[in-house]
Amino acid sequence: MSNGQASGPVPDPWRVPVNITVPMSVASDLDQMQGVLKEVMTQLGCPHCHSGRDIRFNVTSDFVVNPAGQVAPAVGTVGFGG
């Protein structure tokens with residue numbers, strides 16, 4: 001097999017699950033969840049439709065502890081502009 005020749009079918013990006021983890025405060029607010037879905041779909045290049053996508057919503061279940069022993073959900077604003 002030469003370089004550049006695929007050894008099998010090219011994976012369909014629509015079949016790859018999209019995992020979205022949100023804090024409970026967002027998960028319990030339908031308006032915010034719709035906004036999250038719209039923003040994720042916009043970033044995936046299709047802001048008007050999510051048909052055919054395997055979208056999996058997860059509520060935060062991971063936590064972090066700082067050196068002072070304070071516990072916070074792992075989902076935060078780190079890395080987000082603002």
Shared-cluster residues of [X], by chain and number - hydrophobic side chains joined below 4.5 Å:
{"X": "V59", "value": "M24"}
{"X": "V71", "value": "F63, V65"}
{"X": "F57", "value": "V18, I20, V22, V26, M33, V36, L37, V40, M41, L44, I55"}

Could you list all the side chain to side chain donor-acceptor pair (under 3.5 Å) pairs where at least one residue sits in [range], not counting sequence neighbours?
{"range": "residues 41-50", "answer": "E39-Q43"}
{"range": "residues 57-71", "answer": "N66-Q70"}
{"range": "residues 17-35", "answer": "none"}

